[in-house]
Protein chains: 2
Amino acid sequence: MTKSRTDSTEHVISHVRELIARGELRPGDRLPAERDLALQLSVSRPTIRAGLRALSAMGVIQSRHGSGTFIPDGPPTLGSEPLRFLAALHGFSREEMYEARRVLEVSSAGLAADRATAEHVAAIAEEVASLFASIDDPQEFLVHDIRFHRAVAAASGNQILASLVEMVSALYYERRRETATRATDRNLRDAADLHRSIYQCIRSHDGERARTLMNQHLLHSAAYQAEEEHPRSQAPAAAKNSRKRRT
Amino acid sequence: MTKSRTDSTEHVISHVRELIARGELRPGDRLPAERDLALQLSVSRPTIRAGLRALSAMGVIQSRHGSGTFIPDGPPTLGSEPLRFLAALHGFSREEMYEARRVLEVSSAGLAADRATAEHVAAIAEEVASLFASIDDPQEFLVHDIRFHRAVAAASGNQILASLVEMVSALYYERRRETATRATDRNLRDAADLHRSIYQCIRSHDGERARTLMNQHLLHSAAYQAEEEHPRSQAPAAAKNSRKRRT
DNA sequence: CACCCTCAAGTGGATTGTCCAATAATTGAC
DNA sequence: GTCAATTATTGGACAATCCACTTGAGGGTG
């Protein structure tokens, strides 16, 4: 069986895929060294490096200079970079992003209310506390805002959903951090209150209300941000109309 | 400004990112040749290749041997490979996948009913017709099933949602195609009928009913598949109970 | 004119060998 | 035992070269 000259890099990727599929590589494990992999697979080291770089771009591995190449520990994460490229190429709007967040996060909040363990609840509570502590620092508030939403998604008990929420929220974070300082104390305080209300619904396992409040929060958030970008005397009324349309 | 020895490959990636951000690279465009890029960025060609391979893994570029490297045309697509690796590493269950699909696709169906153009409707109708034509070929049926769901997501008018649906449905397809032949004519016919009903709701802009039927379809699909894997005399009853719990 | 073939140029795919930079492990001194 | 220096191992990258594929230009034929 002669080795096809093409797809050597793809062979590297599929070799790692098979190791994972066979359970021979798990989160936290270290891959063989590049030189060893090159010997094992009978390809050159630059080819190994190209394959590993592809896997790194997919978030499957992380290489550490001088140490080795590892499968990351921790929850499954897709990262935001692929979605970022897509957004740049295809012009994803802020409205699309908020809508996608609503689709994912309203359901995640409902599931979190059904399934959250005490640990999940504690993690969410911690972010709520941090939100209130950050009202005078919009960048810090944004970080805890993102963490809150990820904690809620983790509490949904669905790893795929949590990965999707993480990916979309990371895209939101990349965009929002450029304008986060525009947020007023008033709207951060309102948002912190809503986060707390969502937390309380999750804690008390009230799924329907968790969904309602998460939806409300994301609609508010979208409206506040729209107002930041186009300040008008009619903006408050527009926000209210937006809510009626959804109910 | 001396060039850091590390992160040359990352520099390749960010260079392409900036070209895209500045609108200098759009879908359908061709990147400079590897040799030219190496000169422009003052890095070696294997470094360019590693960077391009990473971009390729993210679906941002496609290289064609002898032709060049291109930004793909067509709708934004995340591909299934990253999610596949995550699934293999973290053990995503079939239930998680169906639930994630319900979160994404029930809302997408509702939005499609609100927003579908005549072209969207025609594309969905075509897949419905193909579903009925494939009832005696489960693999072909599966292909059109997937296409139906993507067409519905495209009709949602939200590119992010459509990309997420495409990604999760691709994961579903990879898994399902191994067992697709287990489907009976009976359950394929039932599914085709449900697809058609969903299509009709989208065509007539009945968002609420589109949501209900999409949810029902995915729950049915999950139940049929569970029955395929664990045939029991109680299975039909279990499927009914599952429906009641969701209503 | 259209079509086909050949060839050269340009492209991606990959190798070999070498060097650099960071980290981990080992060794020796106290 | 601790700590510092040294060595080994690792990832990061380079330069030069060759292979395989595609494209386009030019020439020949009907």
Side-chain angles (χ1 to χ4, degrees), chain A residues 1-17 19-20 24-25 27-73 79 81, chain B residues 1-17 19-20 24-25 27-73 79 81:
Chain A
M1 177 60 77
T2 60
K3 186 189 65 166
S4 164
R5 185 63 193 272
T6 61
D7 289 332
S8 293
T9 305
E10 187 58 40
H11 182 40
V12 176
I13 295 168
S14 58
H15 176 71
V16 173
R17 186 189 299 121
L19 290 178
I20 289 168
E24 292 181 38
L25 273 181
D29 284 357
R30 182 178 174 285
L31 268 69
E34 292 178 356
R35 289 170 179 90
D36 293 339
L37 276 176
L39 286 175
Q40 288 167 26
L41 299 186
S42 304
V43 297
S44 69
R45 194 148 80 86
T47 298
I48 293 286
R49 298 181 54 72
L52 293 184
R53 199 73 202 209
L55 289 164
S56 180
M58 291 192 266
V60 175
I61 61 166
Q62 279 174 352
S63 296
R64 293 203 280 280
H65 193 167
S67 302
T69 298
F70 301 84
I71 308 281
D73 249 328
E81 193 149 30
Chain B
M1 176 61 79
T2 61
K3 184 189 66 167
S4 163
R5 185 64 194 270
T6 60
D7 289 331
S8 294
T9 306
E10 187 58 39
H11 183 40
V12 175
I13 295 169
S14 59
H15 176 72
V16 173
R17 185 189 298 122
L19 289 177
I20 289 167
E24 292 179 36
L25 273 181
D29 285 356
R30 183 178 172 285
L31 267 71
E34 291 179 357
R35 289 170 178 88
D36 294 338
L37 275 175
L39 287 175
Q40 287 166 28
L41 299 187
S42 305
V43 298
S44 68
R45 195 148 80 86
T47 300
I48 294 286
R49 299 182 53 70
L52 293 184
R53 197 74 201 206
L55 289 165
S56 179
M58 291 191 266
V60 176
I61 61 165
Q62 278 173 353
S63 296
R64 293 203 282 277
H65 193 165
S67 301
T69 299
F70 301 86
I71 307 278
D73 250 326
E81 191 147 32

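Just so it is clear, the structure is predicted and the values come from calculations on it, not from any experiment. So you know, we letter chains A, B, ... as the sequences are listed, proteins then strands, and number each from 1.
Within residues 50-60 of chain A, no residue has a heavy atom under 4.0 Å from DNA chain C.
Neither OP1 nor OP2 of C/dT11 sits under 4.0 Å from any side-chain N or O of B/R35. At C/dA22, none of the side-chain N or O atoms of A/S67 fall inside 4.0 Å of OP1 or OP2 (strictly under the cut-off). For D/dA15, the OP1/OP2 oxygens have no side-chain nitrogen or oxygen of B/S44 closer than 4.0 Å. An OP1 or OP2 oxygen of C/dG13 is reached within less than 4.0 angstrom by a side-chain nitrogen or oxygen of B/R49. The phosphate of C/dG13 (OP1 or OP2) has no side-chain N or O of A/T47 nearer than 4.0 angstrom. Taking side-chain N and O atoms only, A/T9 has a distance below 4.0 Å to OP1 or OP2 of C/dA14.
How far CD of A/Q40 is from CD1 of A/I48: 8.0 Å, rounded to the nearest 0.5 Å. A distance of 8.0 Å separates CD1 of A/I71 from CG of A/L55, quoted to the nearest 0.5 Å. Here the CG-CD distance, from B/D36 to B/E34, works out to 10.0 Å after rounding to the nearest 0.5 Å. Here CZ of B/R30 is found 7.5 Å from OG1 of B/T69. Values are rounded to the nearest 0.5 Å. Atom OG of B/S14 sits about 10.0 Å away from atom CG of B/L19, to the nearest 0.5 Å.
To the nearest angstrom, C1' of D/dC21 lies 13 Å from CZ of B/F70. At whole-Å resolution of the value, NE2 in B/H65 and C1' in D/dA20 are 4 Å apart. Nucleotide C/dA21 holds its C1' atom 13 Å from the CG atom of B/D7, rounded to whole Å. Protein atom CD of B/Q62 is 16 Å distant from nucleotide atom C1' of D/dT22, rounded to whole Å. A/I13 has its CD1 atom 10 Å from the P atom of C/dA14, to the nearest Å. Separating the CG atom of B/L31 from the P atom of C/dG12 is a distance of 9 Å, rounded to the nearest angstrom. The nearest whole Å value for the distance from the CD atom in B/E34 to the C1' atom in D/dA15 is 15 Å. Summarising the geometry, the separation between CG on B/D36 and C1' on C/dA9 is reported as 13 Å, rounded to the nearest angstrom.
Between A/R64 and A/E10, the one whose closest nucleotide on DNA chain C sits nearer the 5' end is A/E10.
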Exercise. Passes side chain to side chain contact (heavy atoms under 4.5 Å, CB included), A/R53 versus B/R53? Steps please.
Worked result: CA-CA 7 Å; A/R53 199 73 202 209; B/R53 197 74 201 206; 5.6 Å; no
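Put simply, the side chain of B/V60 reaches to within 4.5 Å of the side chain of B/I20, judged on heavy atoms. Taking the side chain as every heavy atom from C-beta outward, A/L41 and A/V12 approach each other to under 4.5 Å. The closest side-chain heavy-atom distance from A/L52 to A/L31 is below 4.5 Å. You'll find the side chain of A/P46 stays beyond 4.5 Å of the side chain of B/R49, heavy atoms only.
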I'd like a table of atom pairs between the protein and nucleotides 3-9 of chain D - only N or O on both sides, under 3.5 Å - with the distance next to each one.
none

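Residue side chain A/R45 reaches the base of D/dG12 through a donor-acceptor N/O pair under 3.5 Å, judged by distance alone.
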